[in-house]
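One structure is given here, and the rest of the page talks about it.
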Protein chains: 2
Amino acid sequence: MCTNARLCLPHGLDETRLREFECIVDEVGPLHAGDFIFRDGDEFTALYAVRAGMVKTYSIDREGREQITGFYLPGELIGLDAIHSMRYRNHAFALDTSMVCRMSFAKIRELAQKWPELQTQLLCTLSSGLAETDKLRGEYSADERMAGFLIDLARRLEQRGYSAERLYLLMERRDIANFLGMAKETISRVLRRFQDEGLIAVDRREVMLLDRIRLDALAGAVLRD
Amino acid sequence: MCTNARLCLPHGLDETRLREFECIVDEVGPLHAGDFIFRDGDEFTALYAVRAGMVKTYSIDREGREQITGFYLPGELIGLDAIHSMRYRNHAFALDTSMVCRMSFAKIRELAQKWPELQTQLLCTLSSGLAETDKLRGEYSADERMAGFLIDLARRLEQRGYSAERLYLLMERRDIANFLGMAKETISRVLRRFQDEGLIAVDRREVMLLDRIRLDALAGAVLRD
DNA sequence: CGGACCATTGAGAGCAGTCAAGTAGGGTGG
DNA sequence: CCACCCTACTTGACTGCTCTCAATGGTCCG
């Protein structure tokens, strides 16, 4: 049984149903950093869950500008925004060696029709996605956004049982910048200042969170909890 | 039968089911400008659909800062982000004399369990909400955001059969500013510049869209279509 | 008519963006 | 194994968009 089940779509299913659910799951991988899971515009047939590794999603607008829409950890679902248009709305790209679970959406729908727990879990996942993105509205300083990003990542890692004192950022600065809506140079400067102020220690893509209290305070505005 | 049914949650239901669906709908109102539909933290028991008028939703963070999360037109659903926490995550506030439909979520869930069309419609609505908010990520200029706001509103009004040459903005500048993440003074200045450039004509809260082509072009970056 | 509220306009400041130069790993080929 | 290169990252200087603060103008309403 997948160790992520508790955090993932099958959350809430009993033993029997969980086994039946696993029949509709195809494990895909291992993918390598740089592999695509799907591409913007592809026909939507399945939801994907990260099983191991990390995935980023992004879209390209008419002018060719890239827009990163998310970084996904194990247990998180990718492709939920494609349900209504039946086409994926972005590219999904492995940032690291990764395993993903492919779950036919037609079959998910069938099962959700039979099992109230699954319907509920689907709705809850979508709903928390909405609540999540609502938080990011509003104008925040570069410091607040950066702290928000780090704390959010740390919390998600903790939920998954990883230590979150030491974060390894698999994505490049440019990706973080794009995701947070700022320039990559600003990421560098903010990280440096955070380090000078004793909030974190940075070594390339490795970030140690040294003063969680103050980081939380900074992030509070963004994460609104 | 509600004229919004085509755009709203019962979309896709046949005549018979539509009638049964209507049994779980309570019409609430008329509400007057300034009335609340629900408040942040209230127990979530029902989804609301706007039937007539306009509703804004907003939350207040720990520091007392207001954050507007949406403006809702007839046929649009309010409260979807509360499903996972079973508490409303924001205040819902009538901007004008309005009617809303209260739909018990427990009953929606029951019906969705029986009717695939309703389950699908629920999932689609949530999914397009996600796709929608993803668009707003990224850093846009004040001009792009403003154009995006106007064009988005115009399109939604058109979908509902209203003329969209002349927009009446029921909310104050401060609300638009907050929603778009900028200062209210900037809203004034951008609207004035748009007017000077012949894109729109502004008279208080009434805005005429004069050059839809150029506005669309400006908005394109934000709305990404 | 006066007050309250909203909106506009102006002046100045500051945060973060752009441009450009410099640094540092990591990988490759000789 | 080392020199080289490429890419990612950092740092500095400067610019500019948008914010803030403050004053003014309009409109509605009692």
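Per chain, numbering begins at 1; letters A, B, ... match sequence-line order.
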Open item on the list: Rounded to whole Å, please give me the gap between CG in B:L95 and P in C:dC6.
Closed with: 13 Å
Task: Distance, rounded to the nearest Å, where B:R174 contributes CZ and C:dT8 contributes C1' - done: 16 Å
Open item on the list: Which nucleotide wins on minimum distance to the side chain of B:E185, given the candidates D:dC21, D:dC9, D:dT18?
Closed with: D:dC21
Task: Intermediate values then yes/no, side-chain hydrogen bond (donor to acceptor under 3.5 Å, both in side chains), A:R102 and A:T45 - done: CA-CA 9 Å; A:R102 182 181 192 287; A:T45 54; 2.8 Å; yes
TODO: Kindly point out which of D:dC19, D:dT11, D:dT18 is positioned nearest to the side chain of B:A142?
DONE: D:dT18
Task: Separation of atom CZ in A:R193 from atom P in C:dC15, rounded to whole Å - done: 9 Å
Task: Contact nearer the 5' end of DNA chain D, comparing A:I187 with A:E139 - done: A:I187
Task: Selected nucleotide, minimal atom distance to B:S141 side chain, candidates D:dT20, C:dG17, D:dT18 - done: D:dT18
TODO: May I ask you to decide if the ring planes of B:F44 and B:F105 are parallel, tilted or perpendicular, using 30° and 60° as cut-offs?
DONE: tilted
Task: Spacing of B:I176 atom CD1 relative to C:dA7 atom P, expressed in whole Å - done: 8 Å
Open item on the list: Are B:Y72 and B:Y48, when compared by the centres of their aromatic rings, separated by less than 6.0 Å?
Closed with: no
- [ ] Give the rounded distance in Å between these two atoms: CD of B:E172 and P of D:dC28.
- [x] 15 Å
Task: A:G181 or B:R173, whichever maps to the more 5' nucleotide of DNA chain C - done: B:R173
Task: Of the listed nucleotides C:dA16, C:dT18, D:dC19, the one nearest the side chain of B:A183 - done: D:dC19
- [ ] Round to the nearest Å and state the distance from B:M146 atom CE to D:dT18 atom P.
- [x] 13 Å
Task: Phosphate OP1/OP2 of C:dC6 contacted by B:R205 side-chain N/O (<4.0 Å) - done: no
Task: d(CG, B:D175; C1', C:dC6) in whole Å - done: 11 Å
TODO: Report yes if a side-chain nitrogen or oxygen of B:R145 is closer than 4.0 Å to either non-bridging phosphate oxygen (OP1 or OP2) of D:dT18; otherwise report no.
DONE: no
Task: Side-chain N or O of A:S188 closer than 4.0 Å to phosphate OP1/OP2 of D:dT11 - done: no
Open item on the list: When you measure from the side-chain N and O atoms of B:R192 to the phosphate of C:dT9, is any distance below 4.0 Å, counting only OP1 and OP2?
Closed with: yes
- [ ] Look at all strands and tell whether B:R189 reaches a base, only sugar-phosphate, or nothing, counting heavy atoms closer than 4.0 Å.
- [x] base
TODO: Would you mind telling me which of D:dT27, C:dG25, C:dT9 lies closest to the side-chain atoms of A:R204?
DONE: C:dG25
Task: Presence of salt bridge, B:K56 and B:D175, under 4.0 angstrom - done: yes
Task: A:L170 CG to D:dA8 P, straight-line distance once rounded to whole Å - done: 15 Å
- [ ] Can you see which heavy atom on B:F179 is nearest to which on A:R137, and at what distance?
- [x] CE1-NH1, 3.2 Å
